[in-house]
Amino acid sequence: MSLHPTSEAPVTRAVLIGIALLFLGFFLLLPLLAVFSEALKMGLGPFLDAIHTPDALAAIRLTLVIAAIAVPLNVVFGLAASWAITKFQFPGKALLITLIDLPFSVSPVVSGLIFVLLFGANGLFGAWLAQHDLKIIFAVPGIVLATVFITFPFVARELIPLMMEQGKDDEEAAISLGASGWQTFWHVTLPNIRWGLLYGVLLCNARAMGEFGAVSVVSGHIRGETNTMPLHVEILYNEYDFVGAFAVASLLALLALVTLVAKTVLEWRFGLHAGARH
Amino acid sequence: MIHLRGITKRFGNYPALHGIDLDVAPGEFIALLGPSGSGKTTLLRIIAGLEFQDSGSVLLGGEDVSSTPVADRHVGFVFQHYALFRHMTVADNVAFGLSVRRGKARPSKAARHARAEELLRLVQLEGLGSRYPGQLSGGQRQRVALARALAIEPRLLLLDEPFGALDAKVRKDLRRWLRDLHKQMGLTSIFVTHDQEEALELADRVVVMNQGRIEQIGAPDAVYMNPETPFVSHFVGETNRIPGAGGEIHFRPHEITLAPDGAEAVLVDNVFRKGAVWRVEGLLQGGGQFVELDLTAQQAAPGLGETIRFNARRSRIFNADGDQKKGVQP
Ligand SMILES: Nc1ncnc2c1ncn2[C@@H]1O[C@H](COP(=O)(O)OP(=O)(O)OP(=O)(O)O)[C@@H](O)[C@H]1O
Ligand SMILES: [Mg+2]
């Protein structure tokens, strides 16, 4: 082995690092700073006022509600799917793995349109829903559906590789010692995957709160009712209310930053954990 | 104690076991020995209830448990890679089987703790109860896994390559220790290994498996001295195979006597000391087969390039169908 892990000239290294940093600064750091500086351009007062409007508060509330429904649903789905895929053999397993990735490969707008086609006034179930006075599209249930669809890969994709790597020895050991399925899940599986699960939940949550495309198609943009934070930002921006738009946007950006920090902390713990394994 | 009747198992189209019959008496220490892929683990898992046979039945202590799930079979299973719960202390690992019991069967926390301590003493890990598995050596982890399996007072102990992941020295120490523990606790145990030395040293009886079938069941001495099939002869111990009248002649390196008028001749191309004997390697004159011979080290070692003549003192002949014709035992 040579003394240096890579043998590039120092110049090459400097150039590569420089490009990476410039790129990051231009595409990530600068916009983030712009969001906050625009939001606070007129000072803290107008910033707080902009967030305190009834419409903004309604959007924040709706976003929290949507995330509070979509994230737990996808935790349950993600756990069930990764458990099934990693611990059992069954026909259609490959198909399930492929399907889990579908929301990542389909444009969010198309995802939203699928729900309009299914539940919209002229959709497949549209007539039946109208008969029973149920509203899905242009209402909160539609937003929940679209968000659940968009965010369902996050938890499953985090857990499947982790559970594959861990195999099923621990679970088999537990049941051979007399544990029930539930005891095994609670005392053995869950502790084994907790950091990965938490990481998946974070990513899922960030996306659930930030999703624009799919939600925009099904929401109907009714102020104070079906506007989530990202939709509200767009409306304010289109109305030239820059302070308002950037104030709400800065809340979303803040969420991203918190997620990033939490993710880093988790990775650090994760790394520590994995290192201590064997 | 255990009666297996006509156990078969397929994985998709692949037949992993073809009609296994096996009887194990209480207190026996049984080794399942065979090459990789011969179905040892599959059979052990079927006995445990971690896998289910396609046909045939499993009887434990007179009770038909063919479709009883593992949790109700009351067997201890020790995994090759320990499968310790890494987020629990060693003591909690050992007490796991007691703490998941329900209702009145569940001992108090103090009782569970006392039992864990007692078992840790038994496996010579006293005082390590508050550590985590990650803080133990491989041999220590395997002993924790054993203590954990013993905590439920299993009627049968099943071990899948218990020493497979350990280095040679630790293996040897643990082997003897396991043998003693088995005796001392009056256990009935079955362990899987592909290490013939381990099987011959530990087991009361050895079950030699090949391609999903049992080739031979017998005491270590019998399996070594009187292999019944060419596979066993070749797989257990070192065997020379040379063509002869009526089939292939099998003999161990030590089953020979040197004689100036011996029937076979070998051109010596390697000689080295192997413990108490000279190991002589060379090609058989006439057939060109590679043979290994052991000569007592009191006599002078033959020189390289020398031709030595010998007779097989004891041998077995297998015909083309693998049937044993007769033993030449003068
Ligand atoms: N879950 C499974 N799915 C498909 N095939 C399997 C499965 N488990 C075992 N097999 C196959 O069955 C055969 C017997 O496997 P088994 O694990 O019992 O062998 P083994 O004797 O324990 O081998 P080793 O010494 O390598 O552990 C192998 O060919 C293996 O590929
Ligand atoms: Mg095996």
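Note on naming: letters A, B, ... go to the chains in the order of the sequence lines (proteins, then strands), and numbering restarts at 1 for each one. Heavy atoms only: backbone and side chains are in, while hydrogens, waters and symmetry mates are out.
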Problem - Beyond-backbone contact of B:Ser99 with A:His187, side-chain heavy atoms, under 4.5 angstrom - result: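 When only atoms from C-beta onward are counted, A:His187 and B:Ser99 do not touch, as no gap falls below 4.5 Å.
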
Practice task
Let me know if A:Thr184 has heavy atoms under 4.5 Å from chain B in its side chain, its backbone, both or neither.
Solution key: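 Neither part; nothing is under 4.5 Å.
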
Problem - Contact origin within A:Glu172 toward chain B - heavy atom pairs under 4.5 Å - result: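 It is both, since atoms from each part get that close.
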
Exercise for the section: Please flag which part of B:Ala145 lies under 4.5 Å from any non-hydrogen atom of chain A: side chain, backbone, both or neither. Expected result: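 Answer is neither: B:Ala145 stays 4.5 Å or more from chain A.
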
Practice task
Below 4.5 Å from any heavy atom of chain A, which atoms of B:Leu98 appear? Answer side chain, backbone, both or neither.
Solution key: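 Neither part.
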
Exercise for the section: Would you please go through residues 61-73 of chain B and name the residues with a non-hydrogen atom below 4.5 Å from one of chain A, in numerical order? Expected result: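 Near chain A, by residue number: B:Val70, B:Ala71.
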
Does atom [atom1] of [X] have more than 12 heavy-atom neighbours from other groups under 6.0 Å away?
| X | atom1 | result |
| --- | --- | --- |
| A:Lys87 | NZ | yes |
| B:Gln80 | CD | yes |
| B:His194 | NE2 | no |
| B:His113 | NE2 | no |
| A:Phe90 | CZ | yes |

Problem - Option in A:Leu177, A:Ile175, A:Asp169, A:Val188 with maximal non-hydrogen atom pairs under 4.5 Å from chain B - result: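 Option with the greatest count: A:Leu177.
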
Practice task
Taking all heavy atoms of B:Arg102 and all of A:Gly178, pick out the closest pair and write down the distance.
Solution key: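 That would be NH2-O, 3.2 Å.
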
Problem - Rounded distance [0.5 Å steps], CG in A:Asn192 versus CZ in B:Arg86 - result: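 Answer for the CG-CZ pair, A:Asn192 versus B:Arg86, is 4.5 Å.
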
Exercise for the section: Quick one: pull up CG in A:Asp170 and OH in B:Tyr82 and give me the separation to the nearest 0.5 Å. Expected result: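 Answer rounded to 0.5 Å: 13.5 Å.
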
